[in-house]
Trainee: 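Dropping a structure here in structure tokens format, bear with me for questions.
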Amino acid sequence: MSETESTVESLPPSAKLVYKTLEYEGSLTQSELAEESLLPQRTVRHALKKLDDAGVIEESVYLMDARKSTYTALESNTEAPTA
């Protein structure tokens, strides 16, 4: 198990769901995360804070609207090495 996976494993269920959604869907805004995960905005906001504090997501400016941010799951580095 990678360091990122063990960090995410220790977080609340809502944070795990948001992280997995980011892993599968790629970079999303907070409102897109709420739509995809079916969680309330407030829960998504709380989960993003937990994930950011844990250092497992990256926040960047949403180019279509600079008032928003996009969030990206950082790589978990669980791939097998190639020979």
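Here, residue 1 is the first one in the sequence, and each next residue gets the next number. As the structure is a prediction and not an experimental result, all values here were calculated from the model.
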Trainee: For the OG1 atom of Thr29 and the CG atom of Asp65, what is their distance to the nearest 0.5 Å?
Mentor: 9.5 Å
Trainee: Step by step, work out the side chain to side chain contact (heavy atoms under 4.5 Å, CB included) result for Lys68 and Gln30.
Mentor: CA-CA 8 Å; Lys68 296 181 181 180; Gln30 184 178 316; over 6 Å; no
Trainee: Mind checking the CG-NZ spacing from Leu51 to Lys16? Nearest 0.5 Å is all I need.
Mentor: 11.5 Å
Trainee: Roughly how far, to the nearest 0.5 Å, is the OH atom of Tyr71 from the CG atom of Leu48?
Mentor: 5.5 Å
Trainee: Looking only at heavy atoms, which two atoms of Ile57 and Ala73 are closest? And how far apart?
Mentor: CG2-CA, 4.3 Å
Trainee: Pick from Glu32, Glu36, Lys20: which one makes a side chain to side chain contact (heavy atoms under 4.5 Å, CB included) with Glu25?
Mentor: Glu36
Trainee: To the nearest 0.5 Å, tell me how far Leu17 CG sits from Leu11 CG.
Mentor: 12.5 Å
Trainee: Kindly determine whether Thr4 and Tyr19 satisfy side chain to side chain contact (heavy atoms under 4.5 Å, CB included), including the steps that lead there.
Mentor: CA-CA 11 Å; Thr4 302; Tyr19 183 80; 3.3 Å; yes
Trainee: Search all heavy atoms of Thr7 against all heavy atoms of Ala54 and return the closest pair with its distance.
Mentor: CG2-CB, 3.6 Å
Trainee: Work out which heavy atom in Ala66 is nearest to a heavy atom in Val61; give both atom names and the distance.
Mentor: CA-CG1, 3.9 Å
Trainee: Distance from Leu33 atom CG to Leu22 atom CG, nearest 0.5 Å?
Mentor: 4.5 Å
Trainee: Testing the basics here: between Ser14 and Leu39, what is the closest heavy-atom pair and its distance to 0.1 Å?
Mentor: O-CD1, 4.1 Å
Trainee: Between Val44 and Ser37, which heavy-atom pair has the shortest distance, and what is it?
Mentor: CG2-OG, 4.1 Å
Trainee: For the atom pair CG (Leu38) and OG1 (Thr43), what is the distance rounded to the nearest 0.5 Å?
Mentor: 12.0 Å
Trainee: Test of understanding: with salt bridge (charged side-chain N to carboxylate O under 4.0 Å, His left out), list the residues that count as partners of Asp53, not counting sequence neighbours.
Mentor: Lys49
